[in-house]
Amino acid sequence: RISLTDRCNLRCVYCMPAEGIDFRPPEELLRDDELLLLVRIAAECGVTKVRLTGGEPTVRPAIVDLVREISKIPGVRDLAMTTNGILLEYLAEDLARAGLRRVNVSVDTLDPEKFRRITRGGRLERVLAGIERAEAAGLRPIKLNAVVVRGFNEEEVVALARLTLDRPWEVRFIEVMPFGTVADVADAGIVTSEESMGRIEAALGPLEPLDLSGEDPARTYRLRDAAGTLGFISPVSQPFCSKCGRLRLTADGRLRLCLLRDDEVDLLTPIRAGASYAELKEIFAAGAYKRPFG
C-alpha cells in the first residue's frame, strides 16, 4: 500500500480533526522517480500487488502518468486504488488506460446531507458519478468502503447493503479505529461488525457466508439472490493481525508493517544520500521481512 500524498480534498470526521492538519511540504515527500525506484525494489522482493492510497491519491499531480509507469514494472500483477471518488468521474477512463485494474471507493452513506456532514462538505453526487464512470471504464470489481461511525451513519448500513441486490458490487463495512487526536471519533463511536450484520439481517434477510480464500481481511457474505456481496472488516472486534501480509509505504518514504506500531524504516534519507540500488534493496528487505507481532 503506497500513500501517494498526505493531502485530501475531504475532511472526514473519522480521519481528520475539524481544524485540519499541517501537511508536509512537497520537498519532504517521495518524488515520482523515488517512488518508482522503491516499487521496483518491492517487486524484486516479491511484492505482486500494489494499492495506491493517500490522503487522497487522485490529488497527486500527474497521477495518470505515475500509474502508467507503475503498471510497467515487472512483477506488479495487480494495481488498484482506494479513493474517495470525488475526482474519479474525470480520471477513471485515463487511469484504466494507464493500467489501473480496480478501485475501492469510500461511500459512508447514500444520504447527501449526511455525506456532507461526515466529509465536511463533500458532494455525494460526484462520488456516485465517479463510481458509474469507473465501472464503465472496466475498473472492476467495484468495491465500496463504508466506515461505520455511531451517531453518523450506523443506520445507513441497510441502504448501502441494498445496493448489492441489483449491482455486482462488494459493499464493505469497516469498524472505525479511533486514532487519538487525529480524528473526532472516540471509542464510543465504534460500531462492531456484528451490530451492522444484525441490522442488515433484520431488514433484508439472512446473510449467507461465502468461503473466499485470499489475503482480504473482509468476511464476505451474500444476501439471497443478490448480484453483489457484503464484506465486514473488523480491526477492533476481531483483529486479523496474524493474517496480515501488508507493507505500507508512507508519502514521506517510510516503510511500515502496521498502522498501529511506531517502528518504521526510513527509505527516503538513504535515497537522497546516494545509496546504491543494492543498498536500498537490503534496507527495504530488512524492514519488509520483520514480523510485526510475535
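What you see is a predicted model, and the numbers here were worked out from it, not measured in a lab.
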How far apart are the closest heavy atoms of [X] and [Y], and which atoms are they?
X: Ala98; Y: Ser71; answer: O-OG, 3.0 Å
X: Val103; Y: Ala134; answer: CG2-CB, 4.1 Å
X: Met81; Y: Pro57; answer: CG-CG, 3.7 Å

Worksheet entry | Audit row: Leu207, Ile200, side-chain contact (heavy atoms from CB on, under 4.5 Å) steps and yes/no | CA-CA 8 Å; Leu207 293 170; Ile200 292 169; 4.2 Å; yes
Worksheet entry | Heavy atoms from other residues, nucleotides or ligands near CZ of Arg77 exceed 12 (cutoff 6.0 Å) |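 At most 12 heavy atoms, drawn from other residues, nucleotides or ligands, come within 6.0 Å of this atom.
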Within the structure provided, determine whether [X] and [Y] are in side-chain contact (heavy-atom separation under 4.5 Å).
X: Val13; Y: Phe152; value: yes
X: Arg167; Y: Glu135; value: yes
X: Leu163; Y: Leu165; value: no
X: Leu91; Y: Arg133; value: no
X: Phe173; Y: Met197; value: no
X: Thr229; Y: Thr164; value: no
X: Leu249; Y: Ser3; value: no
X: Cys8; Y: Val59; value: no

Practice prompt. For Glu194 and Arg219, run salt bridge (Lys or Arg N to Asp or Glu O under 4.0 Å): C-alpha distance rounded to whole Å, both residues' side-chain angles, the deciding distance at 0.1 Å, then the answer.
Written response: CA-CA 11 Å; Glu194 299 304 319; Arg219 291 178 290 153; 3.0 Å; yes
Would [X] and [Y] count as having a side-chain donor-acceptor pair, cut-off 3.5 Å?
X: Arg11; Y: Thr119; result: no
X: Asp252; Y: Thr250; result: yes
X: Tyr277; Y: Glu282; result: no
X: Thr83; Y: Glu56; result: yes

Got a salt bridge between [X] and [Y], using NZ or NE/NH1/NH2 to carboxylate O under 4.0 Å?
X: Arg102; Y: Asp78; result: yes
X: Glu170; Y: Arg140; result: no
X: Glu264; Y: Arg248; result: no
X: Glu195; Y: Arg199; result: yes
X: Glu279; Y: Lys281; result: no
X: Arg40; Y: Glu69; result: no

Worksheet item: Run the side-chain contact (heavy atoms from CB on, under 4.5 Å) check on Leu88 and Val105 step by step: do they pass?
Response: CA-CA 9 Å; Leu88 203 53; Val105 184; 3.9 Å; yes
Worksheet entry | Evaluation steps, salt bridge (Lys or Arg N to Asp or Glu O under 4.0 Å), between Glu156 and Lys114 | CA-CA 10 Å; Glu156 297 296 307; Lys114 283 187 178 180; 2.9 Å; yes
Worksheet entry | Main-chain N/O of Gly151 paired with Glu154 side-chain donor or acceptor, under 3.5 Å |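 The answer is yes, because a donor-acceptor pair under 3.5 Å joins these two groups.
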Worksheet entry | Donor-acceptor pair, side chain of Asp108 and main chain of Val147, under 3.5 angstrom |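 Flag set: sc Asp108 to bb Val147 pair under 3.5 Å.
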Practice prompt. Walk me through it: do Asn145 and Val107 pass the test side-chain contact (heavy atoms from CB on, under 4.5 Å)?
Written response: CA-CA 6 Å; Asn145 292 345; Val107 184; over 6 Å; no
Discussion item. Would you say Leu38 ends up clustered with Leu29 if hydrophobic residues are merged whenever their side chains have heavy atoms under 4.5 Å apart, either directly or through other cluster members?
Written reply: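 No, separate clusters.
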Worksheet item: So if you build clusters from Ile, Leu, Val, Met, Phe, Trp, Tyr with side-chain heavy-atom gaps below 4.5 Å, do Ile63 and Val76 land together?
Response: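 As far as the 4.5 Å side-chain criterion goes, Val76 and Ile63 are connected within one cluster.
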Discussion item. Is there a side-chain contact (heavy atoms from CB on, under 4.5 Å) between Leu160 and Trp169? Walk through the geometry before answering.
Written reply: CA-CA 11 Å; Leu160 288 163; Trp169 299 343; over 6 Å; no
Discussion item. If the test is side-chain contact (heavy atoms from CB on, under 4.5 Å), which one of Asp111, Val148, Leu110 qualifies with Asn153?
Written reply: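 Result: among Asp111, Val148, Leu110, Val148 is the only option passing the side-chain contact (heavy atoms from CB on, under 4.5 Å) with Asn153.
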Worksheet item: Leu35 pairs by side-chain contact (heavy atoms from CB on, under 4.5 Å) with which of Asp33, Val39, Asp32?
Response: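 Filter result, single survivor: Val39.
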